[in-house]
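Data first, discussion second: the structure below is written as structure tokens.
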There are 2 protein chains.
Amino acid sequence: MRVAGILLVEDDPSVRTALELALTRQGHSVTSYATGEEALDHIRARRPEIAILDVMLPGIDGIEVCRRVRKLDQLPVILLTARGDDLDIVVGLEAGADDYVVKPVEPRVLDARIRAILRRAESAASDRITFGDLVIDRGALKVTLAGKEIHLTPTELRLLLELVRHPGQVLNRRYLLRAVWDHTHIADSRLVDACVQRIRAKIEPKPAEPVFIHTVRGFGYRFSPP
Amino acid sequence: MRVAGILLVEDDPSVRTALELALTRQGHSVTSYATGEEALDHIRARRPEIAILDVMLPGIDGIEVCRRVRKLDQLPVILLTARGDDLDIVVGLEAGADDYVVKPVEPRVLDARIRAILRRAESAASDRITFGDLVIDRGALKVTLAGKEIHLTPTELRLLLELVRHPGQVLNRRYLLRAVWDHTHIADSRLVDACVQRIRAKIEPKPAEPVFIHTVRGFGYRFSPP
DNA sequence: ACACGACGTCACAGTTTGGTGACACAACCC
DNA sequence: GGGTTGTGTCACCAAACTGTGACGTCGTGT
């Protein structure tokens with residue numbers, strides 16, 4: 001369970017409140033701090049979705065916060081600064097930042113950049129993944145197809161999640177047996193096939209021509225979005 | 001063996017060559033085009049790691065290329081433009097671009113932004129090798145030729161992968177029989193030949209004049225890119 | 001030019017593989 | 001207990017795959 005939201009770190013109170021207000025208006029939930037120390041505490045405790053860090057901060061500066069964050073997390077980071085010379089940008093991005101934005105910034109632009117970064121980070125980190133009509137919520141353990149909830153049994157769900165964890169990759173039957181079932185299973189069994197078939201019957205519009213779970217004859221199965 | 005690199009699309013020849021040179025100097029492998037149509041073909045056929053698209057292009061513009069790319073792939077995209085007004089940026093990012101860079105751009109900065117995006121996209125990257133029009137994805141066990149997926153049977157795929165594992169090397173029939181088939185096979189048979197022939201029929205534009213799998217009379221076969 | 005061995009080509013039948021539905025059994029819930 | 005649900009197994013079938021051998025073609029050395 002994660003608390004969604006933006007972490008904003010900016011020492012100038014007027015800029016801070018202005019940005020906080022603007023981002024809130026764009027529909028984000030924002031928490032803001034004035035120092036890097038507070039920001040690091042917040043990140044450790046609350047796991048925000050993304051951090052927007054001013055580079056010039058008293059104490060630990062934004063670049064350093066970014067470096068430390070990178071060591072412990074994949075948390076997306078946008079660096080924000082008044083200085084826009086090339087060296088600063090290069091240094092900032094090399095510290096692990098995902099984007100580098102020069103102040104003053106139009107709120108709509110910042111919002112668009114936030115969304116662009118979240119969009120990419122989401123596929124890897126989020127609890128909810130979307131493949132066309134198919135939505136898999138790993139947190140709620142729920143699967144919906146075109147808005148309608150699909151009931152999957154525990155085993156089916158585990159198998160589907162295992163396939164989805166490696167999108168586009170072919171997973172062989174032995175691997176799936178180990179990952180989804182207890183490793184105490186005979187190597188040759190139609191168990192995986194039967195389970196795949198049951199999942200298909202539930203999530204594939206035309207089970208005979210699967211769109212999500214593809215058979216790779218002689219090797220195994222591959223989950224790939226349509 | 002070549003690894004797919006950066007796709008650059010820019011209609012102004014002088015800017016294009018300048019950027020291509022600069023990026024090559026930074027250690028990237030760059031392919032460049034002047035139009036969106038060519039770019040889309042290239043993407044389908046060669047699966048680059050990242051695309052850098054000028055927004056203002058004759059025919060299909062960069063934004064539209066970006067939109068179409070997003071529909072079929074997770075390919076990272078950087079939009080490049082001379083116009084830097086806010087609305088453009090928002091529209092560009094909402095079309096699915098990962099970053100939006102305003103020209104003129106310092107090569108080091110562009111390089112840093114490329115690396116920042118690749119860093120984040122990397123987690124989803126699978127191991128593909130590209131030989132001209134031929135793309136072999138070892139994770140997905142998929143082979144595509146000029147963007148079209150080629151169906152290979154298990155044995156054909158195993159043989160092709162074995163050949164590709166040693167690009168430029170001549171592999172003799174006995175070795176291939178051991179590696180691809182069970183080692184319990186008679187040494188002399190047309191088996192390898194027949195399988196090579198079947199692969200050629202699928203991946204070689206003119207099977208009679210093979211470009212990928214070459215016969216080395218008296219020794220065996222060699223896979224080498226065109 | 002000729003012979004010979006190496007390789008390409010092809011069709012086909014036996015085998016393998018995976019889809020499918022049925023079924024038995026265990027677990028679970030009223 | 002009686003019904004319901006989930007799960008593993010099996011048998012059967014269609015489709016796909018593959019090895020084989022016969023034959024054609026090509027390259028090479030004499």
Side-chain angles (χ1 to χ4, degrees), chain A residues 141 143 150-163 170-223, chain B residues 141 143 149-160 162-163 170-223:
Chain A
L141 294 180
V143 174
I150 302 286
H151 172 74
L152 291 182
T153 69
T155 314
E156 288 161 8
L157 191 56
R158 275 201 302 275
L159 176 54
L160 180 59
L161 288 176
E162 189 58 39
L163 288 166
V170 173
L171 306 180
N172 65 43
R173 291 177 174 70
R174 197 172 55 249
Y175 172 88
L176 290 170
L177 277 173
R178 285 177 184 281
V180 177
W181 287 266
D182 302 349
H183 42 80
T184 57
H185 249 101
I186 43 170
D188 183 36
S189 129
R190 312 296 313 283
L191 193 59
V192 180
D193 305 58
C195 195
V196 164
Q197 129 75 5
R198 280 168 179 149
I199 298 174
R200 278 183 180 153
K202 295 180 179 179
I203 68 170
E204 298 279 4
K206 293 182 71 176
E209 301 160 27
V211 182
F212 297 110
I213 304 180
H214 303 270
T215 303
V216 183
R217 188 174 247 264
F219 293 97
Y221 294 96
R222 172 180 58 217
F223 183 93
Chain B
L141 295 180
V143 175
E149 182 168 349
I150 303 286
H151 175 75
L152 292 183
T153 69
T155 314
E156 289 162 7
L157 192 54
R158 276 199 300 274
L159 176 54
L160 179 59
E162 189 57 40
L163 289 166
V170 175
L171 306 179
N172 66 43
R173 290 177 175 68
R174 197 172 56 250
Y175 173 88
L176 290 171
L177 277 173
R178 284 177 183 281
V180 177
W181 286 265
D182 304 349
H183 41 77
T184 58
H185 250 100
I186 43 170
D188 184 38
S189 93
R190 305 256 56 74
L191 212 155
V192 180
D193 306 60
C195 194
V196 164
Q197 187 268 332
R198 281 168 178 152
I199 298 174
R200 279 182 179 153
K202 295 180 179 178
I203 68 170
E204 298 280 4
K206 294 183 70 178
E209 301 160 26
V211 183
F212 296 110
I213 304 180
H214 302 272
T215 304
V216 183
R217 199 183 165 85
F219 295 95
Y221 295 97
R222 175 184 58 218
F223 183 93

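Residue numbers begin at 1 in each chain, while the letters A, B, ... track the order of the sequences. This one's a predicted model, so the numbers in the text were calculated from it and none came from an experiment.
Looking only at side-chain heavy atoms (C-beta outward), Thr215(A) and Arg200(A) come within less than 4.5 Å of each other. For the pair Thr155(B) and Arg158(B), the minimum side-chain heavy-atom distance is below 4.5 Å. Two residues are said to be in side-chain contact when any heavy atoms from C-beta on lie closer than 4.5 Å; Leu176(B) and Leu163(B) meet this criterion. With contacts defined as side-chain heavy-atom distances shorter than 4.5 Å, the pair Ile199(A)/Phe212(A) does not qualify. In this structure the side chain of Arg173(A) reaches within 4.5 angstrom of the side chain of Asp193(A), judged on heavy atoms.
Following rounding to the nearest Å, Trp181(B) (CH2) and dC17(D) (C1') show an atom-to-atom distance of 13 Å. Leu157(A) has its CG atom 10 Å from the P atom of dT7(D), to the nearest Å. Atom C1' of nucleotide dC10(C) and atom CG of Leu191(B) are separated by 15 Å, given to the nearest angstrom. Note: NZ (Lys202(A)) to P (dT5(D)) measures 11 Å, nearest angstrom. Distance, His151(B) NE2 to dA15(D) C1': 11 Å, rounded to whole Å. Distance Leu160(A) CG to dT7(D) P: 14 Å, rounded to the nearest Å. The CD atom of Glu204(B) sits 11 Å away from the P atom of dG8(C) (whole-angstrom rounding). Taking atom CD on Glu156(A) and atom C1' on dT7(D), their separation rounds to 9 Å, with Å as the unit.
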May I have the step-by-step check of side-chain contact (heavy atoms from CB on, under 4.5 Å) for Cys195(A) and Trp181(A), ending in yes or no?
CA-CA 11 Å; Cys195(A) 195; Trp181(A) 287 266; 4.0 Å; yes
Starting from the C-alpha separation in whole Å, work towards a yes-or-no answer on side-chain contact (heavy atoms from CB on, under 4.5 Å) for Ile203(B) and Glu156(B). CA-CA 11 Å; Ile203(B) 68 170; Glu156(B) 289 162 7; over 6 Å; no
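The overall bend of the helix from dA1(C)-dT30(D) to dC30(C)-dG1(D), read as the angle between its terminal helix axes built from five base pairs each, is 30° when rounded to 10 degrees.
Across all their heavy atoms, Tyr221(A) and Val196(A) have their closest contact at CE2-CG1, 3.7 Å.
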Protein heavy-atom contacts under 4.0 Å, written 5' to 3' over nucleotides 12-21 of chain C as B (base), S (sugar-phosphate only) or - (none), form the string -----BBBS-
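The side chain of Thr153(B) contributes an N or O atom lying less than 4.0 Å from OP1 or OP2 of dT18(D).
Looking at residues two or more places apart in sequence or on another chain, you find a salt bridge (Lys or Arg N to Asp or Glu O under 4.0 Å) between Glu162(B) and Arg165(B).
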